Amino acid sequence: VQLQASGGGLVQAGDSLRLSCAVSGGGTSSSYGMGWFRQAPGKEREFVAAISWSGASTYYADSAKGRFTSSRDNAKNTVYLQMNSLKPEDTAVYYCAVTSPSTFVSMRGRSSPTSYYYWGQGTLVTVSS
């Protein structure tokens, strides 16, 4: 399975960005739970959001609630992260990742980077103040 994340860039505080994660190989993206993580310089990788294989269930870190929205288009094998009201502290490399449906059902499973076994290359988001 290959994941290709895109959509990052340099924006100002308060702006919006939409990240995309295209999934290819190993079957369709509809078989997997998808997660978004980010890693800022000098910090550990942290959970941002997750979306179930059907798209019916989404989960967010407290830092993302109310500002970020994850969605997916299984016909296009693509998952999205819409980020609004961006803040300088959102600056990080953002990664999409795949985990199994059985792992995804638990909060610990879907929010832990170690639960995910396929990762995209990351896309850099820089938010200036």
Side-chain angles (χ1 to χ4, degrees):
V1 176
Q2 293 82 44
L3 289 79
Q4 180 72 40
S6 61
L10 172 62
V11 297
Q12 293 186 332
D15 285 350
S16 298
L17 276 176
R18 188 177 79 157
L19 306 184
S20 299
C21 177
V23 183
S24 62
T28 69
S29 67
S30 61
S31 303
Y32 305 108
M34 300 291 296
W36 288 96
F37 293 81
R38 67 186 182 186
Q39 188 165 18
K43 295 187 177 181
E44 293 186 352
R45 192 166 298 187
E46 65 175 5
F47 171 73
V48 176
I51 185 166
S52 65
W53 49 97
S54 67
S57 299
T58 52
Y59 307 89
Y60 301 95
D62 288 343
S63 59
K65 286 178 182 176
R67 300 188 300 127
F68 294 3
T69 303
S70 186
S71 60
R72 65 193 297 164
D73 184 342
N74 286 340
K76 296 182 178 180
N77 287 344
T78 301
V79 178
Y80 304 97
L81 183 67
Q82 177 67 42
M83 304 187 296
N84 298 329
S85 303
L86 283 162
K87 305 175 181 179
E89 51 263 43
D90 294 319
T91 295
V93 176
Y94 283 71
Y95 299 89
C96 56
V98 159
T99 189
S100 67
S102 60
T103 300
F104 191 87
V105 295
S106 73
M107 181 180 70
R108 177 175 294 182
R110 58 181 172 259
S111 62
S112 172
T114 59
S115 298
Y116 289 75
Y117 42 84
Y118 293 114
W119 290 82
Q121 84 288 0
T123 184
L124 176 62
V125 173
T126 303
V127 184
S128 64
S129 58

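As the structure is a computational prediction, the values presented were derived from the model and not from experiment.
Here the side chains of Ser52 and Phe104 are in contact, with some heavy-atom distance below 4.5 Å. By the 4.5 Å heavy-atom criterion applied to side chains, Tyr117 and Thr99 are counted as neighbours. Taking 4.5 Å as the limit, every side-chain heavy atom of Thr123 sits out of range of all side-chain heavy atoms of Val93. Within the 4.5 Å cutoff, side-chain heavy atoms of Leu17 are placed close to those of Leu86. Using a 4.5 Å heavy-atom cutoff, the side chains of Val125 and Thr91 are not in contact. You'll find the side chain of Trp36 reaches within 4.5 Å of the side chain of Leu19, heavy atoms only. Counting heavy atoms from C-beta outward, Phe68 and Asn84 have side chains that stay 4.5 Å or more apart. Contact check for Val98 versus Leu3: side-chain heavy atoms found under the 4.5 Å cut-off.
Proximity of a side-chain donor or acceptor of Tyr32 to a complementary backbone N or O of Ala97 within less than 3.5 Å is not detected.
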Please walk me through it: do Arg18 and Tyr80 pass side chain to side chain donor-acceptor pair (under 3.5 Å)?
CA-CA 7 Å; Arg18 188 177 79 157; Tyr80 304 97; 4.7 Å; no
Chi angles and distances behind the side-chain contact (heavy atoms from CB on, under 4.5 Å) call for Thr69, Met83:
CA-CA 7 Å; Thr69 303; Met83 304 187 296; over 6 Å; no
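Using a 4.0 Å cut-off between charged nitrogen and carboxylate oxygen, Lys87 and Asp90 do not count as a salt-bridge pair.
Because its NZ or CZ atom is both nearer than 6.0 Å to the ring centre of Tyr95 and within 45° of the ring axis, Arg45 counts as a cation-pi partner of that residue. Figure legend: Arg110 and Tyr59 shown as a cation-pi pair, the cationic atom lying under 6.0 angstrom from the six-membered ring centre and within 45 degrees of its axis.
Taking the ring centroids of Trp119 and Phe37, they lie under the 6.0 Å cut-off.
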